[in-house]
**Student:** 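Sharing a structure, written as structure tokens. Questions coming.
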Amino acid sequence: MDILGQILWFLAFLTPLVIFPIVWKISKQKKIYRLLIGLVLSIITSYRLYLISLAIIFRDGMGPT
């Protein structure tokens, strides 16, 4: 379970690198709207992954017991 928390921790910071190209390719809007949509989706997704990873890491205390 701790490995999953670590994976989600790193994915939280790598999410914008994945979401921006996907939004840029799929969306047919103006460039500014693509940028804003990508930014908002990246922030929301990164924040959720961050919270999930912290919940997993600190579920019974951090580190081995």
Side-chain angles (χ1 to χ4, degrees):
M1 195 69 169
D2 288 332
I3 293 172
L4 179 62
Q6 290 175 353
I7 291 170
L8 291 176
W9 173 262
F10 287 111
L11 282 178
F13 298 106
L14 295 175
T15 300
L17 298 175
V18 175
I19 289 183
F20 268 106
I22 291 172
V23 169
W24 199 265
K25 191 168 205 140
I26 291 175
S27 179
K28 302 297 182 201
Q29 302 294 325
K30 293 181 181 179
K31 289 182 182 180
I32 189 70
Y33 294 128
R34 287 190 228 174
L35 184 67
L36 291 174
I37 291 169
L39 184 65
V40 168
L41 285 176
S42 295
I43 290 171
I44 291 170
T45 308
S46 293
Y47 187 66
R48 284 188 174 194
L49 289 174
Y50 175 75
L51 290 177
I52 293 170
S53 68
L54 284 182
I56 291 172
I57 291 170
F58 291 114
R59 71 185 184 282
D60 290 326
M62 191 169 161
T65 55

**Student:** Kindly write out the residues that satisfy ring pair (Phe, Tyr, Trp, His ring centres under 6.0 Å) with Phe13, not counting sequence neighbours, or none if the list is empty.
**Tutor:** Trp9

**Student:** Would you kindly confirm whether Ile7 and Leu14 end up in one hydrophobic cluster when ILVMFWY residues are joined by side chain heavy atoms under 4.5 Å apart?
**Tutor:** no

**Student:** Could you give the side-chain donor-acceptor pairs of residues 33-47 under 3.5 Å, partners two or more places apart or in another chain?
**Tutor:**
residue, atom, partner, partner atom, Å
Arg34, NE, Gln29, O, 3.1
Arg34, NH1, Trp24, O, 3.4
Arg34, NH2, Gln29, O, 3.4
Ser42, OG, Gly38, O, 2.7
Thr45, OG1, Leu41, O, 2.7
Ser46, OG, Ala12, O, 2.9
Ser46, OG, Ser42, O, 2.9

**Student:** Can you give me every donor-acceptor pair (side chain of residues 51-58, partner residue at least two apart or in another chain, under 3.5 Å) with its distance?
**Tutor:**
residue, atom, partner, partner atom, Å
Ser53, OG, Leu49, O, 3.3
Ser53, OG, Tyr50, O, 2.8

**Student:** With clusters defined by side-chain heavy atoms of hydrophobic residues (ILVMFWY) lying less than 4.5 Å apart, directly or transitively, does Leu8 cluster with Ile3?
**Tutor:** yes

